[in-house]
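For reference, the structure is listed below as structure tokens.
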2 protein chains.
Amino acid sequence: MTDLRSAFGKRVRELRVINGMTQETLAYRAGLDRTYLSGVERGERNVSLLNIEKIATALQVSVEYIFSGERFSVTPSYQSVDLLHHTINDSIDEGRNALTFYEGSSFDQN
Amino acid sequence: MTDLRSAFGKRVRELRVINGMTQETLAYRAGLDRTYLSGVERGERNVSLLNIEKIATALQVSVEYIFSGERFSVTPSYQSVDLLHHTINDSIDEGRNALTFYEGSSFDQN
DNA sequence: ATGTGACTGGGAGTCCGTT
DNA sequence: AAACGGACTCCCAGTCACA
């Protein structure tokens, strides 16, 4: 998955054609502009959550389903934590603090 | 799933806390602003594809995974095709045309 | 460590076309 | 039916000081 915009666009086009819809029909159902949807399918648009939801609804699929498949399943390679000057102990400490913050409870520090 | 922004935000917060990260570290890894990420987790930001990808990468999960789970799996209810003045035969016809267009081939009409 | 209001530039999204 | 372009509006990405 080099560019999520292209991957998303291809997926939308796939599902649209499977459903036997034209861009115009899909755009109308999603309440979006025809030219905008065209750009989405060609991977030129940086679609945001609200429109992702609109498009999924118009395609009659769940958001989960629209992002399922090989295209989106590749876990991106990630730089080593060391490179970010962030140690494992840092993570553990921050985990404690975060949990304390959100749950209003504290760890036994002894 | 009433609002995809809230659902996405909750999911991000879940995965961040599980990984023992603070908002600040996650934001740093994603190359985003801390206050922006705060808004994302509270469902107040309409995150777009490129930032979804950044956040997923920083969380060390795939985009598919971030959208998996009950929260995103509900297929949205959809208005009847009739309400849209779009018949089943229309869909079939459009499907043929669309396939013809993209595959450069034609259906046997007989 | 996180929440929040306010701000600005740029891009999301629309509407008009032509190819 | 779809790609593409220009011009437009308006919302949001991205940031700040402060709570």
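In what follows, chains are A, B, ... by sequence order, proteins preceding strands, each numbered from 1.
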**Q.** Given C:dG3, C:dA12, D:dC4, the nucleotide with the shortest approach to the side chain of A:Glu44
**A.** D:dC4
To the nearest angstrom, how far is [X] atom [atom1] from [N] atom [atom2]?
X       : N      : atom1 : atom2 : result
A:Glu24 : C:dC16 : CD    : C1'   : 14 Å
A:Glu41 : D:dA3  : CD    : C1'   : 11 Å
A:Asn46 : C:dG10 : CG    : C1'   : 12 Å
B:Arg42 : C:dT4  : CZ    : C1'   : 7 Å
B:Ile52 : D:dC12 : CD1   : C1'   : 14 Å
A:Tyr28 : C:dT14 : OH    : P     : 14 Å
A:Leu26 : D:dA1  : CG    : P     : 14 Å
A:Leu50 : C:dT14 : CG    : P     : 12 Å

Q.
Any donor-acceptor pair under 3.5 Å linking the side-chain atoms of A:Ser38 with those of A:Arg34?
A. no
Q: Quick one: sort the B:Phe72 and B:Phe67 rings into parallel, tilted or perpendicular, breaks at 30° and 60°.
A: perpendicular
Pairwise distance [atom1]([X]) to [atom2]([Y]) - rounded to 0.5 angstrom:
X       : Y       : atom1 : atom2 : result
A:Glu41 : A:Phe8  : CD    : CZ    : 10.0 Å
B:Arg13 : B:Ile18 : CZ    : CD1   : 13.0 Å
B:Ile55 : B:Leu50 : CD1   : CG    : 11.0 Å

Q: Please determine which of A:Leu49, A:Val47, A:Asn51 meets the side-chain contact (heavy atoms from CB on, under 4.5 Å) test together with B:Leu49.
A: A:Val47
Q. Taking for each residue the nucleotide of DNA chain C with the nearest heavy atom, is it B:Gly39 or B:Ser48 whose nucleotide lies nearer the 5' end?
A. B:Gly39
Q: Determine: side-chain N/O of B:Arg16 to OP1/OP2 of C:dA1, distance under 4.0 Å, yes or no.
A: no
Q. Is there a side-chain polar atom (N or O) of B:Ser38 under 4.0 Å from OP1 or OP2 of C:dT2?
A. no
Q: Indicate yes or no: at least one non-hydrogen side-chain atom of A:Arg29 is less than 4.5 angstrom from one of A:Met21.
A: yes
Q) Just by protein heavy atoms under 4.0 Å, how would nucleotides 14-19 of chain D read 5' to 3' in B, S and -? A) BBBB--
